[in-house]
Chemist: 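Let me begin by handing over the structure; questions about it come next.
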Amino acid sequence: MSTNFSVVGKSLPRSDARIKAVGAARYCDDIIRPGMLFGKILRSPVAHAKILNIDVSKAKALPGVKSVITADDTLKIRFGNWRLVPESQDELPLATDKVRFIGDEVAAVAAIDKDIAEEALSLIKVDYEELPGAFSVDESMAEGAPVIHEANPNNISLQRKIDYGDLDQGFADSHLILDNEFTVHATSHAYMEPCSCVAEYDHDGRLTIWTSTQTPYFVQCLLAQTLGMRENDIRVIKPFVGGGFGGKMELRKWEFCAAFMARETGRPVKFTLTRSEELTTGRRRHPMKIRSKIGFSKDGIILAKEFTAYLDGGAYNSMGPTAAFLCGNFGGMLYRHPNYRYNGYHVYTNKPPAGAMRGFGAPQALFVAETQMNMAAQELGMDPLDIRLKNAMVTGDEIPGVAKISSCGFKESLLKVAEMTNWREKRKNLKKGQGIGIGCYSFISGGVFNWFNTRYNFTRAEVRAFDDGTVHLLTMASDIGQGCDTVLRQILAEELGLEVKDIRLTAADTAVTPQADLGTWGSRVTLMAGNAVRKAAAEIKEQLFKVVSMKFDLNVIHDMACKDGRIYAKNRPDRGIDFGEAVRLAQRANRGDPIIGYGSYTPRNKGLVTPAFSFGAQVAEVEVDLETGAIEVKEMNTAHDCGTPINPMSVEGQLEGSVHMGLGYALSEQFIMKGGKTLTSTFLDYKIPCAEDMPPGKSVHIDTYEPEGPFGAKEAGEGLVSPTAPAIADAVCHATGYRCMDLPITPEKVLKGLGKL
Amino acid sequence: MSLPKFTYLAPASLEEACGLLDQYQGKIRTKAGGTDLMVRLAQRALKPEYVMGIRNIPELEGISFDPDKGLRIGAMALLSEVADNPVVLERYPMLSRAAKATATVQIRNMGTVMGNICNASPSADNSPTLVAMNASIVAVSSAGERQIPIDEFFLGPGRNALEATEIAKEILVPVPLSRSGVSYQKISPRSKVDIAAVNVGAMVVVDEQGTCQQARICLGAVGPIPLRATSAEEFLLGKVITDEVAEKAGALAGSDASPISDVRASKEYRRLMVIILTKRALLEARHGTGI
Ligand SMILES: Cc1cc2nc3c(=O)[nH]c(=O)nc-3n(C[C@H](O)[C@H](O)[C@H](O)COP(=O)(O)OP(=O)(O)OC[C@H]3O[C@@H](n4cnc5c(N)ncnc54)[C@H](O)[C@@H]3O)c2cc1C
């Protein structure tokens, strides 16, 4: 499919690669404004308590302190991303009456330097009346558990359901039924750039905020809501962002505080979190307790599945409602499940809130689902590959009432990865301590459900064409390191027959770029913003085709082309002119009005979940030291279907990043907590895999074409974080006999599983 | 994290350095590579008024070998220099292994072996082998020089035997005895680049029949200081170090250890690792004796 593209499908260097490599990229914390103040947040030291009194008088009196605020200074307006369900908006800009986790934001200080701000925090006196806390879903759901939010006396903030087919019949017909309970743990996004923002209020009453965010539009809307301002009075600019992975897709409290205090003091205010704040109080991936019951026929066909997840949401909803839904969606994906029931419960606990994190409910669901597939294969005496091939989804499959699969390279991925790794041989012939295992995934290319309740299209692009042969692309799509600035340019260049260097880009500034874009999450940008860019380009082409057709007096039946910097009749390439010349003529014809194209995209008739699903399979090879339990991942190979890779090098980067993150999820990363307190407060103890821990591995892209995606493209990179943990767990089981049902797979658990500890 | 305010001093000789230590006693800290010290300062765990960098002192440089006196590791010898030094690689390969197991390339290019020892962390990578090989530390003050056997050097986590007016000048490691073998074993189960959850250094000396004449075993990260596994050492004397003997010695080392549970490992796991690593260290050391 991809052979006749000029720019799409090429591994072009990313537009931000050089500036980042030489250290010249300016991130939020690099921004310095005249007269800028430094903000710090006072956080709750207790997990659950009533606030009896806050005395800020001493902090205010400290020389150099310019502002100290508590909830009483604010409008106390609740906010949250799920605007469609107002009762889900359970956060206030600063804690009011009560704190619900260690780290809950209680007050903020802005001072002329960081040390003074820090000192001022120590002068704020808060009287707490401590309440008993609940630190796991079991504790929260127990009889007589402390109530964390008055609105939810049972601590369950919401329930999501999916239900189709006849479950009872499915189980009644089953030859093998597995019914298991799994637990998966919380992990940190650990983006390299801690959250940071700078807010400034100008004489005309406009607030500008530069912030490290994935979602400038959310920040704009929710700031307006909480500050009691109009959206158009707030300008959100996204500078270079050093990663997000879902952790920067909400209005965060320091953004509110910076804006509030900038307005109050008339001076710019900056907040930058420390790594310890991020690790001990920041958002994390949902820990879950999942019960999965699955029934198979004698020959390994899935007949029924009941999937029940309890999400440990921490103290607030954050993006929990979405994670709760996607967990259920991916509990029933990849394979045909004729009868499926999902119940997901989002449970409050007195811990830092869990939020969106790469995979958004899928890594948890797929660890369970894929592990259970491997267990079933073992029970039925089948090769884990074969049981998957038998049940795998294919193009055209439908999930009743939820989605239709418009392209699917899953079976091809399974066969390819097996061939790449010599799977069948190795699965039979490894030495003790060596293992090979498999895990698979599917993921969304952006969401369909409008929980943010945007009044705009999901994304929009504006393209301005110039007579010097260049164009300017304006989009609110946010590059946070994933590479959309480059990919959107490639899509536009392909469509207009230009080179990437001919395209100027202005992105993610709510005052300048078109309203609106929902931001960077759920792997939505390439497909959605890419489609909007294509449509905007089509409008440009339409205008240029007209003038070229007129100039050469072309018969109406001619098809027009836009390639290699020229606009011409497809079958008469000599009948054409340069792109810039065409723009000049079109503008003349417009009597001076510029050549502009607009395009929007909102998924329509695409079910409830997503316009397109990606698929893939991954094989892990491990070696386990049977005396120490130490696990070494020797190789990690992947075959995946992301539709047309717009930039294969970028896809590869996503894949490597995913393996790295999946490795940490599987083996080494975890928050060690005691009574609501996070003990792993630095990277010394929160163990992210190092370069030396990265296994070698290859990846092969399965050639598919997604009809809904720009040039056939769909999701790449987020879904790939899911297969790694189940693949490694399966390889460890193959090597040792120990089946992990409780992530992460630590050496201690391996030894305990082998009865050696 | 920002650093607190302090005055930085950079003496150019040992004499000058000792003078500064006398003058600012109790208010000054010595800085070698600073990879431990600067972190502690940034965390406000230490608040010295003066920080004395010792990079400009020529007497502290270098790594050298004397066939009678053994190996001398100057206080400013970097971890990476010790790891790659030809004499160390040839005659003290386990010191090289330990230095190489410490931290990352970047840290090894800044930090020193002496700093690792002086920092007196129970999990330090370079302590177990130096203890096993019976090293000593030369301390200098304006009153003169003294040699501190490494067995007396560690007093507790972060505490060593140096006086406030002393600077550690060099580490001396005796010439390896004939028919001796050494090993360094480390486990940091969650990453290849990690602080040790447990580490073990062992040296054995055997006679021509392979009977153990001397054994020194040091266990790291399982007590307040790098611990000698004395009952395991005693058990080995007079025995040929077979697999079975090594295994038994490992078990004894396990009871010599006093591990605790923390965020890195449980005490049960640590104790089991002492047993396994001691066994592995003894078998490797036996192999190194050439008998
Ligand atoms: C990211 C990172 C990873 C690390 N990983 C490891 C690891 O895997 N294993 C490990 O063992 N360590 C590790 N460390 C700790 C540290 O790097 C080592 O302990 C290093 O060897 C210290 O040497 P230095 O020269 O930097 O000491 P410094 O920081 O300069 O000094 C350490 C201490 O010793 C004192 N001191 C230093 N030299 C002298 C002297 N000549 N006389 C008297 N006192 C002196 C100082 O006052 C200070 O108290 C790590 C550190 C970091 C930052």
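In what follows, every chain begins at residue 1, and chains take the letters A, B, ... in the order their sequences are listed.
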Chemist: Looking at B:Ile195, B:Val198, B:Asp194, which makes the most heavy-atom pairs under 4.5 Å with chain A?
Modeler: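 Max contact count across the listed options: B:Asp194.
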Chemist: Suppose we screen for side chain to side chain donor-acceptor pair (under 3.5 Å). Which residues come up paired with B:Asn199, at least two apart in sequence or across chains?
Modeler: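 Residues passing side chain to side chain donor-acceptor pair (under 3.5 Å) with B:Asn199: B:Tyr184.
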Chemist: Could you tell me whether A:Lys687 and A:Glu669 make a salt bridge, using a distance below 4.0 angstrom between a side-chain N and a carboxylate O?
Modeler: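 No salt bridge links A:Lys687 with A:Glu669.
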Chemist: For chain A, which residues of residues 258-280 of chain B have at least one non-hydrogen atom nearer than 4.5 Å to it?
Modeler: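 When heavy atoms of chain A are the reference, residues 258-280 of chain B contributes B:Val263, B:Arg264, B:Ala265, B:Ser266, B:Glu268, B:Tyr269, B:Leu272, B:Met273, B:Ile276, B:Lys279, B:Arg280 within the under-4.5 Å range.
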Chemist: Thinking salt bridges, do A:Glu627 and A:Lys756 make one under a 4.0 Å N-O criterion?
Modeler: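 A:Lys756 and A:Glu627: not salt-bridged.
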Chemist: Using a strict threshold of under 4.0 Å (side-chain N to carboxylate O), is an ion pair present between B:Lys239 and B:Glu234?
Modeler: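 No, this pair does not count.
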Chemist: Less than 3.5 Å apart, any donor N or O on the side chain of B:Asn116 or B:Thr102 sitting next to an acceptor on the other?
Modeler: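 There is no such pair between these side chains.
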Chemist: Could you tell me whether B:Arg228 and B:Asp256 have a side-chain N and a carboxylate O separated by less than 4.0 Å?
Modeler: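 Here B:Arg228 does not pair with B:Asp256 in a salt bridge, since their nearest N and O are not under 4.0 Å apart.
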